[in-house]
Peer 1: 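Can you keep this structure in mind? I'll have questions shortly.
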Amino acid sequence: MLHRGSRTIFSYTHVARRSLSGKPNFFMKQNIVLIDGARTPFLTSGTEYKNLMPHDLARNAMSGLLSRTQFPPGDLDYVVVGNVIQEVSTANVAKEAALGAGVPNSVPCHTVTQACISSNQAITTGIGLITSGQADKVLAGGTETMSDVPIRVARPLRKILLDFNKAKTTGKRMSLGFAALGKIGLELPGITEFSTSETMGHSGDRLAAAFGISRREQDEYALRSHSLAQKAQDEGSLSDVLSIMVPGINRPVDKDNGIRVSSLDKLAQLRPAFVKPHGTVTPANASFLTDGGSAVLMMTEEKALELGYKPKAYLRDFCYAAQDPKDQLLLGPTYATTKLLSRTGLSLKDFDVFELHEAFAGQILANLTAMNSDYFAKNFLAGKKIGELPIDKLNLWGGSLSLGHPFGATGCRLVTTAANRLKKGNGKFALVAACAAGGHGHAMVVERYPN
C-alpha cells in the first residue's frame with residue numbers, strides 16, 4: 001500500500017514562484033560553478049579493484065581530476081568526500097585520500113555519509129562552505145568498495161573479547177575464553193533498512209507491484225540503460241572516466257566493466273532476486289555491487305574566472321527530502337523534485353537533461369509514474385502533479401543499472417554527466433535526482449555555463 005491511513009507523509013510550507021520576469025527563483029544568490037568532474041572506471045565488485053581500499057579509489061579520482069584541470073592541490077580550501085560502508089582503518093577517508101593525492105596536510109577534510117546520495121551531500125556541503133565564506137575552492141568526491149567490506153565478529157563475542165582484554169587474572173581469561181567458544185559468529189555490513197528490517201530489493205519489489213510496473217517493463221528499461229551506456233562508451237561520451245593503473249594489473253583500467261547488452265528473452269529467464277518466486281526484481285534490472293571513486297572541483301564563478309578557468313556549469317539550487325522508509329523508501333526523486341520545482345518555479349519543460357539514479361528499473365518507473373499521477377499528487381504531495389518526465393531526455397548515456405553504483409560515488413557521476421550532456425547538447429538546465437536509504441531523496445538544478 002502506498003497510503004498509510006491519514007498520516008501526512010510530505011509537506012512543505014515555503015513555495016517559491018517564478019519572478020515577474022519569468023526567470024527561475026534560485027535561492028542560492030552566489031554563482032557557484034563546476035569546473036569539471038572525473039571518476040575512476042566503475043567496476044563490478046571482486047574484479048580489478050578487489051585489492052584496493054576506499055581511499056585508493058578516492059585518491060585516484062582526486063589525482064586524475066586535479067591533473068586534468070591542472071589545479072594545484074595546495075590551492076584547495078577544503079575537501080569533502082562521501083562514503084557509505086566505512087573502512088575502520090581510514091575513518092576520515094577524505095583526509096587519507098587527499099593526502100595520497102598530494103593535497104597538503106594544512107587543507108581541512110571531512111567525510112559525509114547519506115547512503116546512496118553521499119557524494120551529492122559532499123557536493124552540497126561544499127556549496128555550503130562556499131556560500132558561508134569558509135572556502136572559495138572545494139574538491140568534493142565519493143568512494144566505495146564492495147570487494148572488501150568490514151566483517152565483524154558477532155556482538156556477544158565482541159563483548160567477551162573486550163572483557164578478555166581487561167581481565168587481570170589467568171582464571172578470568174580462561175573463563176572468558178570458554179564463554180567465547182559458544183558465541184562465535186560473524187556480522188556482515190547491514191543490507192537491510194535498520195528501521196524496517198527490510199532489504200532495499202524487497203522494498204523495490206513491493207514498490208513496483210504497488211505502481212503496477214510489470215517484469216517486462218522493468219527488463220525493457222534495464223536493457224535500455226545498458227544499450228545507451230554501451231553506445232555512450234563506444235562513442236566516447238563518457239569523458240569523465242579516467243584511465244588508472246592498478247597494482248597487479250599490467251594494463252590501464254579505463255572502462256566501466258558492468259555494461260551488459262543482452263536480450264529481453266535472456267532477461268526473462270532470470271529468477272527473482274528478492275521476493276521469491278513471484279517477485280519482479282532480478283539481478284539484471286537492479287543495480288549491481290560496484291567499486292569506484294569520483295570527484296568534482298567547484299568554486300565561486302569569480303574565483304574561477306580569476307584563475308583563468310572556463311567552468312562547465314552553474315550549480316544553481318538543490319534540496320533534500322525524506323519520507324516513510326517503509327512504503328516510500330525509493331520515492332525520494334519524486335518528493336525532492338516536487339520540492340525543488342516549487343522552490344525554484346521551474347517545471348519539467350524547462351529541462352533539457354535529466355539524470356536520475358537507477359537503483360532498480362522498477363524504482364525509476366515507479367517514480368516516473370508517481371510524478372505524473374494526479375492521485376499521488378493529491379494524496380502525498382499536497383498539490384499539483386509534476387507531470388510527465390520525457391524519457392527521451394533521461395539518462396541518455398546509461399545509468400546506475402549499467403554503469404554501476406558505488407554507493408558513495410554515484411552523486412558526483414550524476415552531476416558531472418548532467419553538465420557534460422548539457423555542454424554537448426547545448427542545453428540550458430539539467431535536473432539531477434536520486435533516492436537513498438532512510439527514505440531520503442535529493443534533487444539539484446544544474447545550468448550549462450554559457451559559451
Side-chain angles (χ1 to χ4, degrees), residues 14 16 24-38 58 61-62 65 69 71 75-83 94 98 103 107-142 294-307 309 311-322 332 336-337 339-341 343-344 346 355 357 408-420 422 429-434 436 440-449:
H14 185 86
N25 185 5
F26 295 126
F27 280 58
M28 286 166 44
K29 301 308 179 185
Q30 191 172 12
N31 286 335
I32 298 176
V33 294
L34 172 75
I35 302 302
D36 205 352
M62 290 181 186
L65 176 61
T69 57
F71 188 87
D75 287 351
L76 288 170
D77 297 318
Y78 212 101
V79 175
V80 192
V81 171
N83 179 232
V103 178
V107 177
C109 310
H110 79 267
T111 303
V112 296
T113 186
Q114 199 173 13
C116 299
I117 52 175
S118 291
S119 60
N120 304 85
Q121 183 59 249
I123 292 172
T124 59
T125 298
I127 290 173
L129 289 166
I130 294 173
T131 57
S132 65
Q134 299 295 315
D136 280 330
K137 308 169 293 291
V138 175
L139 191 154
S294 60
V296 300
L297 178 62
M298 47 201 266
M299 59 186 74
T300 61
E301 181 182 27
E302 180 182 13
K303 180 59 67 174
L305 297 179
E306 176 189 321
L307 296 175
Y309 284 106
K312 282 194 171 182
Y314 292 107
L315 304 179
R316 281 303 192 193
D317 213 336
F318 66 89
C319 72
Y320 290 89
T337 298
K339 192 174 181 180
L340 187 63
L341 297 185
R343 173 182 168 93
T344 61
L346 292 167
E355 283 293 325
H357 166 47
T410 288
C412 288
R413 178 191 68 77
L414 291 170
V415 172
T416 302
T417 300
N420 288 340
L422 284 173
F429 289 122
L431 175 69
V432 172
H440 291 101
H442 168 72
M444 174 179 277
V445 177
V446 178
E447 180 181 357
R448 179 181 59 84
Y449 198 80

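As the structure is a prediction and not an experimental result, all values here were calculated from the model.
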Peer 1: Would you check if Thr416 and Arg413 make a side-chain contact, meaning some heavy-atom pair closer than 4.5 Å?
Peer 2: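 In short, these two side chains do not touch, never coming nearer than 4.5 Å.
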
Peer 1: Could you pull out all residues at least two apart from Tyr449 that satisfy side chain to side chain donor-acceptor pair (under 3.5 Å)?
Peer 2: Glu301

Peer 1: Tyr78 versus His110: any side-chain heavy-atom pair under 4.5 Å?
Peer 2: yes

Peer 1: CD of Glu302: more than 12 outside heavy atoms within 6.0 angstrom?
Peer 2: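 Incorrect, the count does not exceed 12.
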
Peer 1: Looking only at atom types and distance, does a side-chain atom of Lys339 sit under 3.5 Å from a main-chain N or O of Tyr320, one as donor and one as acceptor?
Peer 2: yes

Peer 1: Do the side chains of Leu346 and Leu340 get nearer than 4.5 Å, heavy atoms only?
Peer 2: no

Peer 1: Output yes when a side-chain donor or acceptor of Ser119 lies under 3.5 Å from a complementary backbone atom of Gly408, and no otherwise.
Peer 2: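 Between the backbone of Gly408 and the side chain of Ser119 there is a qualifying donor-acceptor contact (under 3.5 Å).
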
Peer 1: How many angstroms lie between OG1 in Thr344 and CG in Asn25, if you round to the nearest 0.5 Å?
Peer 2: 8.0 Å

Peer 1: Just how far is it from atom CZ of Arg343 to atom SG of Cys319, taken to the nearest 0.5 Å?
Peer 2: 7.0 Å

Peer 1: Would you compute the distance between atom OG1 of Thr124 and atom CG of Leu315 and round it to the nearest 0.5 angstrom?
Peer 2: 10.0 Å

Peer 1: Is any side-chain N of the basic residue among Asp75 and Lys137 closer than 4.0 Å to the acidic one's carboxylate O?
Peer 2: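 The answer is no: the pair does not qualify as a salt bridge.
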
Peer 1: Only counting residues at least two apart or in another chain, list the ones meeting side chain to side chain donor-acceptor pair (under 3.5 Å) with Thr111.
Peer 2: Asn92

Peer 1: Once rounded to the nearest 0.5 Å, what's the spacing between atom CG of Asp36 and atom OG1 of Thr69?
Peer 2: 7.0 Å

Peer 1: Judged by atom type as modelled, is there a donor-acceptor pair below 3.5 Å linking the side chain of Asp77 to the main-chain atoms of Asp136?
Peer 2: yes

Peer 1: Please lay out, stage by stage, how Leu307 and Phe71 fare under the test side chain to side chain contact (heavy atoms under 4.5 Å, CB included).
Peer 2: CA-CA 10 Å; Leu307 296 175; Phe71 188 87; 4.0 Å; yes

Peer 1: State, yes or no, whether a side-chain contact exists between Met444 and Ile127 at a heavy-atom distance under 4.5 Å.
Peer 2: yes

Peer 1: Less than 4.5 Å apart, side chain to side chain, heavy atoms only: is that true for Glu355 and Val446?
Peer 2: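 A side-chain contact under 4.5 Å is absent here.
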
Peer 1: Measure up the His442 and Phe318 rings against each other and bin them: parallel (under 30°), tilted (30 to 60°), perpendicular (over 60°).
Peer 2: tilted

Peer 1: Which is it for Leu129 and Val80 under the side chain to side chain contact (heavy atoms under 4.5 Å, CB included) test, yes or no, and what are the steps along the way?
Peer 2: CA-CA 10 Å; Leu129 289 166; Val80 192; 4.1 Å; yes

